[in-house]
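The next block holds one structure in the form of structure tokens; read it before the comments.
Just so we're clear, the structure is a prediction, and the values are computed from it rather than from any experiment.
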Amino acid sequence: MNIDVVVLAAGQGSRMKSDLPKVLHPIAGKPMLAHVLDCARSVDANDLHVVVGHGSDKVKAAFEGANDIQWALQIEQKGTGHAVKMALDNLAKSGITLILYGDVPLIQSNTLQALNNLVSPTQMSLLTVNMDDPSGYGRIVRDENGKVTSIVEHKDANAAQLSIKEVNTGIMAVPTESLHKWLPQLSSDNAQGEYYLTDVIAMAVESGLNVETLQPEFAEETYGVNNRAQQAELERWYQARLVNELMTQGVTVLDPSRLDIRASGAGVNVGRDVVIDANVILEGEVMLGDGVKIEANCIIKNSSIAAGSVVKAFSHIEDANVAQGCDIGPYARLRPGAILENGAKVGNFCEVKKSVIGEGSKVNHLTYIGDASIGKNVNIGAGTITCNYDGVNKFKTQIEDGVFIGSNSSLVAPVVVGENATVGAGSTITKDVAANKLAVARGKQVSLNWQRPSKK
């Protein structure tokens, strides 16, 4: 059966107090609209239709390259029924149309699949929730047999209807053929002067269609975002779910309220006996092998850290690959292209960019390694830098196995330091160093007679 998904994303979101369209505001590092579209794709939708209005150019630009989206423009915001009508010409003639909202980001695929499964030529489905305080929501009106007869918006409801606790979420699945009939019949004769999508419920009943309701596993799936406080509320709920999933896989999270997962793609993959301390952010695609330990206040983005490695406090790792048994930090930074082989160590206040640190090698203190290839069992002394940039071009430094680099040395690329060579502390190396040699490149020390100035 053909499944069309219509996502309403035309609202201005004025209460967000932002120049960014509301549906582009993030939850867990991903735009709200992206959450909705990813969920829609998971139920094998044939076509995705996104209705945009305010900030339409920015919204389209954010999804440039998503070839499965058909865009519809709602120039004037005249209500939800009017918004869906903007996409009507692009919908199939039959099948199911699933209607979602770009600012209701955390709807789950199992809920949408269950909604779709309820639809037939003689039945539509509607997602509802029960609320202790339903103020502002449309009420689900039922007859004496419990059958849905209509939805009454809050501003149009009488006293009896206002007492109803079951409310409309706006999410529904409708036989597409019926939607083609009903939308042109909508009227704006109501308190808001808008075309309510909810009026199709009464039309369905009048047409002899049954309206079957479904409630989600979690009410938060249906919560919309209208302001920053609601955005933060959904962020925390979603984070709690993501962290709980990690803990069910055996991860020790020392403070679940202080781990943020901002994942995309494959998300976070973990081995056994991983330990994560407080205030850690995992972003993008992250792999943590067996026994990995992440200390407090670390950020790890799009990186792989293999079994037995330790990332000490306040370290920042991005687009890096760390092999087994490595020791990183504290206060270390691995930038894109950093590769640490088995047993390598990068210590405090060190930065590594687009470089390989070989097996068993150590970059311990206050050092910058950029565009370099470092062999096995190399020791890089404190304060060493690879001078890889001449202001225009980048050049490579090659340090072979067993090399010892003395503290406060500068290696001016392109340069090769041969196997088991030694560079004396404080040297500026501008020429290749042969294997097994000692290179010293510094001014000769002299001692002069000297009268220290005195204060006048």
Side-chain angles (χ1 to χ4, degrees), residues 26-30 232 234-353 355-367 369:
I27 298 290
K30 184 166 75 173
L234 279 189
E235 178 77 41
R236 293 328 318 153
W237 179 78
Y238 189 56
Q239 288 296 336
R241 291 200 66 198
L242 295 175
V243 173
N244 189 64
E245 288 176 15
L246 284 187
M247 292 190 292
T248 60
Q249 296 175 59
V251 177
T252 297
V253 180
L254 297 182
D255 187 343
S257 68
R258 290 192 287 165
L259 169 61
D260 268 25
I261 300 170
R262 301 169 189 171
S264 60
V268 179
N269 291 285
V270 293
R272 299 171 67 86
D273 299 312
V274 171
V275 178
I276 301 176
D277 209 331
N279 296 327
V280 169
I281 297 174
L282 305 178
E283 186 172 351
E285 297 186 16
V286 174
M287 192 285 289
L288 304 177
D290 295 347
V292 165
K293 183 177 181 181
I294 310 297
E295 294 186 359
N297 303 296
C298 292
I299 299 173
I300 301 173
K301 179 177 182 180
N302 294 323
S303 296
S304 173
I305 300 175
S309 292
V310 176
V311 181
K312 294 177 179 175
F314 293 96
S315 294
H316 190 160
I317 299 174
E318 179 178 0
D319 293 312
N321 284 289
V322 177
Q324 297 183 16
C326 293
D327 191 316
I328 301 164
Y331 293 97
R333 185 182 181 195
L334 303 187
R335 288 172 56 193
I339 298 173
L340 272 60
E341 296 183 346
N342 292 341
K345 181 175 182 181
V346 174
N348 46 276
F349 302 103
C350 292
E351 179 179 353
V352 178
K353 188 273 293 185
S355 298
V356 176
I357 310 298
E359 183 176 340
S361 293
K362 298 177 181 180
V363 183
N364 274 327
H365 318 284
L366 302 157
T367 292
I369 302 296

For the side chain of [X] and the backbone of [Y], is there at least one donor-acceptor N/O pair under 3.5 Å apart?
X      : Y      : value
Ser309 : Cys326 : yes
Asn302 : Glu318 : no
Ser303 : Asp319 : yes
Thr367 : His365 : yes
Ser315 : Pro330 : no

Spacing of [atom1] belonging to [X] relative to [atom2] belonging to [Y], to within rounding of 0.5 Å:
X      : Y      : atom1 : atom2 : value
Ile261 : Ile276 : CD1   : CD1   : 7.0 Å
Phe314 : Tyr331 : CZ    : OH    : 4.0 Å
Leu340 : Asp327 : CG    : CG    : 10.0 Å
Asn342 : Gln324 : CG    : CD    : 5.5 Å
Ser257 : Gln239 : OG    : CD    : 11.0 Å
Met287 : Ile300 : CE    : CD1   : 11.0 Å

Of all heavy-atom pairs linking Glu341 and Ala323, the shortest is C-CB, 3.6 Å

Which heavy atom in Gly271 sits nearest to a heavy atom in Asp290, and how many Å separate them? CA-OD1, 3.2 Å

Please examine the side chains of [Y] and [X], heavy atoms only from C-beta on, and report whether any two atoms are closer than 4.5 Å.
X      : Y      : result
Ile281 : Lys301 : no
Val275 : Asp273 : no
Leu259 : Leu246 : yes

Tell me if the NZ atom of Lys362 is crowded by more than 12 foreign heavy atoms within 6.0 Å. no

In this structure, are over 12 heavy atoms from other groups packed under 6.0 Å from Arg236 atom CZ? yes

What residues, two or more places apart in sequence or in another chain, satisfy side chain to side chain contact (heavy atoms under 4.5 Å, CB included) together with Tyr238? Ile27, Ala28, His35, Leu106, Leu242

Could you check whether Asp277 pairs with Lys293 (Lys NZ or Arg NE/NH1/NH2 to Asp/Glu carboxylate O, under 4.0 Å)? no

Just to verify, which of Val292, Val310, Val286, Leu334 counts as forming a side chain to side chain contact (heavy atoms under 4.5 Å, CB included) with Ile305? Val292

